[in-house]
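As the structure is a prediction and not an experimental result, all values here were calculated from the model.
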Amino acid sequence: MADVPQRLARCPVVVAPMAGGPSTAGLVIAASAAGALGFLAAGYKTAAAMRAEMDAVEAGSAAPYGVNVFVPGAPTDPAALEDYLAQLEPDAAALGVAPGRPEWSDDDWDAKLAALLAHPPAVASFTFGCPEAGVIAALRAAGSAVWVTVTTPDEAVLAASRGADALCVQGPEAGAHCGTFSAGAGPAEVPLRRLLADVAAVASLPLVAAGAIMSRQDVTSALAAGAVAVQCGTAFLRCLESGAHPLHKAALADPLFPGTAVTWAFTGRPARGLVNRFMLDHPDAPPGYPEVHFATRPLRAAAAAAGDTSRMNLWAGEGYRAATTRSAAEIVAMLADGTG
């Protein structure tokens, strides 16, 4: 835990946890070697798979790293999803699959917490909610710093009251899932710099800024706004060590995708991605995570296998055009040189 602030003082770059494939042990190891703080993404994985990735990181690096876990929400009323499931049928038929079962899951929550307590990483971070104070206290006692992703001052106050060590302040510009505590709430339309000030006014904790940070100038601006570090995901999506699907990497540079938008269509949680046909065809998709995620998973897998980017979730932040195919080390250097 003690090594993390010193590491961020030298290199204020955090490589964001990116669930679903982009975050790999290799990316964490490469980020660590370059001086950044890397994160594994435990979302969608079993506790055993999470621990296997932790072992892989530790076999390749002695540097501190973090693990991000999704906080489970309440189940969704099945009746609220019936219309949307029916709307998915034409997409499923076009791809030659059936929609998945819209099941609720806690994403192996208890087993992941047990694994992190037994083998604590330097940082345990949480998205989609804030763990209870007892969970945070136990993780801190085990040796992990605890970070919580927040998108509003109210969320920041709650996380601070429960004992978080730091807050990852996610602006609406950020790619992939919005870390809001409610699946039905989209990102607040408050730009990152203003959000940092709003959160700093109510919570006296270190702030890590996230949202379309793609250049050294972006890093410097976030630090000047009060952050102690920045968390970058889209900046690393196309890098050599990223596990993102090749079609996803290519789409980030494809002029056929001229912008991003926030959608509930793929997972039932608000998430920013490249605008494609699936997003446009389902503008009124309901909140319902993880049920919608499981319902669309066969469609997304079939689309990827068929090379159909019009029906893939192509997560990206607003600065996606600046993403490069350089190595993680080169991107860290580009972001951090002169800022530590």
Side-chain angles (χ1 to χ4, degrees), residues 17-23 40-50 53 68-113 126-129 149 175-186 243-245 247-248 261-274 276-306 308-315:
M18 295 176 282
S23 289
L40 292 173
Y44 312 130
K45 295 183 175 76
T46 64
M50 177 191 78
E53 285 199 332
N68 177 259
V69 179
F70 291 166
V71 178
T76 305
D77 180 359
L81 302 178
E82 288 178 357
D83 288 346
Y84 187 57
L85 295 176
Q87 292 176 29
L88 294 177
E89 291 291 349
D91 292 287
L95 292 164
V97 297
R101 289 176 56 84
E103 299 174 324
W104 181 84
S105 165
D106 69 358
D107 207 35
D108 215 11
W109 172 253
D110 288 337
K112 285 175 181 173
L113 291 181
F126 295 90
T127 302
F128 301 163
T149 301
H177 282 111
C178 175
T180 176
F181 291 5
S182 168
H245 195 287
L247 292 172
H248 189 174
V262 173
T263 182
W264 279 257
F266 291 106
T267 67
R269 259 195 166 272
R272 183 175 294 280
L274 300 179
N276 62 5
R277 175 180 166 186
F278 193 86
M279 288 172 63
L280 295 173
D281 285 349
H282 302 288
D284 300 316
Y289 181 88
E291 292 89 347
V292 173
H293 160 74
F294 287 122
T296 66
R297 185 165 64 176
L299 284 68
R300 291 179 279 124
D308 181 2
T309 52
S310 72
R311 292 186 173 97
M312 291 174 61
N313 56 305
L314 304 170
W315 301 147

Write down the atom of [X], the atom of [Y], and the distance for their closest heavy-atom approach.
X      : Y      : answer
Pro270 : Ala183 : CD-O, 3.2 Å
Gly100 : Pro298 : N-CG, 3.6 Å
Gly73  : Trp104 : O-NE1, 3.0 Å
Ala265 : Ala285 : CA-CB, 3.4 Å

Handout entry: Test side-chain contact (heavy atoms from CB on, under 4.5 Å) applied to Val71 and Thr127, step by step
Key = CA-CA 6 Å; Val71 178; Thr127 302; over 6 Å; no

Practice task
Given side-chain contact (heavy atoms from CB on, under 4.5 Å), test Arg300 with His293 step by step and report yes or no.
Solution key: CA-CA 10 Å; Arg300 291 179 279 124; His293 160 74; 3.0 Å; yes

Fill in the blank from the handout: By ring pair (Phe, Tyr, Trp, His ring centres under 6.0 Å), Phe126 pairs with (sequence neighbours left out) Trp109

[X] versus [Y]: any side-chain heavy-atom pair under 4.5 Å?
X      : Y      : value
Tyr289 : Phe70  : yes
Arg272 : Trp315 : no
Leu81  : Pro286 : yes
Leu40  : Met50  : no
Asp308 : Phe278 : no
Leu85  : Glu82  : no

Under 3.5 Å, side chain of [X] to main-chain N/O of [Y], donor-acceptor pair present?
X      : Y      : value
Ser23  : Ala19  : no
Asn276 : Met279 : yes
Lys112 : Asp107 : yes
Glu291 : Thr76  : yes
Trp264 : Gly288 : no
Asn68  : Ala41  : no

Handout entry: Asp281/Arg277 ion pair, N-O < 4.0 Å
Key =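 Answer for the salt bridge query: yes.
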
Could you pull out every donor-acceptor pair under 3.5 Å between side chains of residues 175-182 and any protein atom, sequence neighbours left out?
{"residue": "His177", "atom": "NE2", "partner": "Thr267", "partner atom": "OG1", "Å": "2.8"}
{"residue": "Thr180", "atom": "OG1", "partner": "Glu155", "partner atom": "OE2", "Å": "3.4"}
{"residue": "Thr180", "atom": "OG1", "partner": "Ser182", "partner atom": "N", "Å": "3.4"}
{"residue": "Ser182", "atom": "OG", "partner": "Gly184", "partner atom": "N", "Å": "3.3"}

[atom2] on [Y] to [atom1] on [X], rounded to 0.5 Å:
X      : Y      : atom1 : atom2 : answer
Leu299 : Asn313 : CG    : CG    : 11.0 Å
Asp83  : Leu88  : CG    : CG    : 11.0 Å
Leu274 : Ser310 : CG    : OG    : 12.5 Å

Problem - Charged tip of Arg101 within 45° of Phe294 ring normal and under 6.0 Å - result: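 So Arg101 doesn't make the cation-pi contact.
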
Handout entry: Parallel, tilted or perpendicular, as decided by the 30° and 60° cut-offs, for the rings of Tyr84 and His282
Key = perpendicular

